[in-house]
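Data first, discussion second: the structure below is written as structure tokens.
Along the sequence shown, the residues carry numbers beginning at 1.
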Amino acid sequence: MSEKTIPIPPCRTIQPVLHFYEVTFQQKSPNPYAAVQRGGIQLHFFGMRHYEPAESFSTCLVQTDDVDGLHETFRTRLKAAYGRVPNRGLPRIGPLKNTSHGVRQFLMTDPGGNCLRIGQQTSDNRRHRPAPKETFARAVHHASLLADSKEDLAGAAKIVDRALRLQDERPTPVQLLQLLVLRADVATRVGDEEAARSAIAAATAVHLTSEERESVHDDLQRLTQLLG
């Protein structure tokens, strides 16, 4: 016996969504409907006239054994299609990160407002790790969860700003870089250019040893993307 599940998310109009994917089937009547595929990823879509993409909660989990490769592929294709890599509005793509529940993932939202959580399992333990007790590690943990799992960008910004304003404690260089890159990323995603420039400038000024740079490879890669 063999089964498979194919999600069927809604969209207001079919065509903008189809331009975003590789189409394998499309019908215009009696109801707008289409199927798309890339490798083992299959999605079907149906048209819903009064559907509002910007208010969508539609989401789908995609598991892969090459999340880094898929992230780079989608970034490259988005840049080719839109002249830039969109990180806010519709469509948009988020940063690639290791999560606290043993998954390396990124979020991508298509023009129909459908969010694809694309991830690669890195641990057999799927429970979220407890939040660190240390002040700045805890701030990075919670802010990352808000920004990249819940897409609560305002909440993430508040946590980072609160941590950076502390006077009686100071983060390590690695923690400072993580906080500043996260703040720059959040600011970019909400269109706060001034805050983004300030955080990027501060992040590029952080001095790290070779070993420290290796430990924050993803953060440095995200900083490079933000600079570009």
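- Using a 4.5 Å cut-off between side-chain heavy atoms of Ile, Leu, Val, Met, Phe, Trp and Tyr, with links allowed through other members, I41 and F45 fall into the same hydrophobic cluster.
- For the residue pair T64 and Q120, no side-chain donor N or O sits within less than 3.5 Å of a side-chain acceptor on the partner.
- Residue-environment remark: CZ (F57) stays at or below the threshold of 12 foreign heavy atoms within 6.0 Å.
- Annotation: D168, atom CG; neighbour count of heavy atoms from other residues, nucleotides and ligands within 6.0 Å is above 12.
- Within a 6.0 Å radius of CD in E169, more than 12 heavy atoms belonging to other residues, nucleotides or ligands are found.
- Between the side chain of E214 and the backbone N or O of E211 there is no donor-acceptor pair closer than 3.5 Å.
- Under a 3.5 Å cut-off, the side chain of R170 and the backbone N or O of L166 do form a donor-acceptor pair.
- Remark: the N114 side chain and the S58 side chain contain an N/O donor-acceptor pair separated by less than 3.5 Å.
- Residues that satisfy the ring pair (Phe, Tyr, Trp, His ring centres under 6.0 Å) test with F106, not counting sequence neighbours, are H71.
- L78 places a side-chain heavy atom less than 4.5 Å from the side chain of P86.
- Residues R12 and P53 approach most closely at CZ-CD, 4.0 Å, considering heavy atoms.
- Looking only at distances, no side-chain donor or acceptor of S198 sits under 3.5 Å from a matching main-chain atom of E194.
- Side-chain contact, R104 with N98: a donor N or O sits under 3.5 Å from an acceptor N or O.
- Within a 6.0 Å radius of CD in E52, more than 12 heavy atoms belonging to other residues, nucleotides or ligands are found.
- Of all heavy-atom pairs between Y51 and G112, the closest is CE2-O, 3.3 Å.
- Hydrophobic clustering of Ile, Leu, Val, Met, Phe, Trp and Tyr side chains at less than 4.5 Å, counting indirect connections, keeps V190 apart from L90.
- Following chains of ILVMFWY side-chain contacts shorter than 4.5 Å, one cannot reach L176 starting from I159, and the two form parts of different hydrophobic clusters.
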>> Please evaluate residues E22 and R77 with respect to the criterion salt bridge (charged side-chain N to carboxylate O under 4.0 Å, His left out), reporting the C-alpha separation (whole Å), side-chain torsions for both, the decisive distance (0.1 Å), and the verdict.
In response: CA-CA 12 Å; E22 297 176 9; R77 292 189 176 184; 2.8 Å; yes
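- Counting only distance, with no hydrogens or angles, the side chain of S29 and the backbone of N31 share no donor-acceptor pair below 3.5 Å.
- Of the possible donor and acceptor atoms, none in the side chain of S149 sits under 3.5 Å from a partner among the backbone N and O of L146.
- Between the side chain of R183 and the main chain of A199, no donor-acceptor pair closer than 3.5 Å is present.
- Of the possible polar contacts, one joining the Q37 side chain to the G39 backbone as a donor-acceptor pair under 3.5 Å is found.
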> Passes side-chain hydrogen bond (donor to acceptor under 3.5 Å, both in side chains), Q105 versus T99? Steps please.
Replying inline: CA-CA 7 Å; Q105 74 171 19; T99 71; 5.6 Å; no
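- Among all heavy-atom pairs drawn from F136 and L179, the shortest one is CD2-CD1, 3.9 Å.
- Across P7 and T5, no two heavy atoms sit closer than the pair CD-O, 3.8 Å.
- Between T59 and L116, every side-chain heavy-atom pair lies at or beyond the 4.5 Å cut-off.
- Of all non-hydrogen atoms in V160 and A143, the two that sit nearest each other are CG2-CB, 3.7 Å.
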> Could you go step by step and tell me if R117 and M108 meet the side-chain contact (heavy atoms from CB on, under 4.5 Å) rule?
Replying inline: CA-CA 7 Å; R117 295 176 177 270; M108 185 180 68; over 6 Å; no
> Going through the checks in order, is the side-chain contact (heavy atoms from CB on, under 4.5 Å) test met by L180 and L164?
Replying inline: CA-CA 9 Å; L180 289 169; L164 292 174; 4.0 Å; yes
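- A 4.5 Å side-chain heavy-atom check between H142 and R138 finds at least one atom pair inside the cut-off.
- Between T109 and C115 the shortest side-chain heavy-atom distance falls below 4.5 Å.
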> Is there a side-chain contact (heavy atoms from CB on, under 4.5 Å) between R222 and L226 once you walk through the steps?
Replying inline: CA-CA 6 Å; R222 183 58 180 155; L226 292 169; 3.9 Å; yes
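- Taking 4.5 Å as the limit, some side-chain heavy atom of L220 sits within range of a side-chain heavy atom of R213.
- For D185 and R189, the salt-bridge test passes: some basic side-chain N is under 4.0 Å from an acidic carboxylate O.
- Residues A147 and L153 approach most closely at O-CD2, 4.0 Å, considering heavy atoms.
- A salt bridge is absent between E151 and R88; no separation between the charged side-chain nitrogens and carboxylate oxygens falls under 4.0 Å.
- For H44, the side-chain hydrogen bond (donor to acceptor under 3.5 Å, both in side chains) test picks out Y33, with sequence neighbours left out.
- Hydrophobic clustering of Ile, Leu, Val, Met, Phe, Trp and Tyr side chains at less than 4.5 Å, counting indirect connections, unites V186 with L223.
- Of the possible donor and acceptor atoms, one in the side chain of R92 sits under 3.5 Å from a partner among the backbone N and O of G89.
- Atoms NE2 and OH, from H19 and Y82 in turn, are 9.0 Å apart once rounded to the nearest 0.5 Å.
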> Could you walk me through whether I6 and L43 pass the side-chain contact (heavy atoms from CB on, under 4.5 Å) check?
Replying inline: CA-CA 6 Å; I6 301 177; L43 296 172; 5.6 Å; no
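- With salt bridges taken as basic N to acidic carboxylate O contacts below 4.0 Å, one links K97 and D148.
- Both I118 and I93 are assigned to one and the same hydrophobic cluster, defined by single-linkage of ILVMFWY side chains at heavy-atom distances under 4.5 Å.
- Panel note: side chain S56, backbone G113; a donor-acceptor pair is recorded below 3.5 Å.
- Checking side-chain atoms of E212 against main-chain N and O of T209 turns up a donor-acceptor pair under 3.5 Å.
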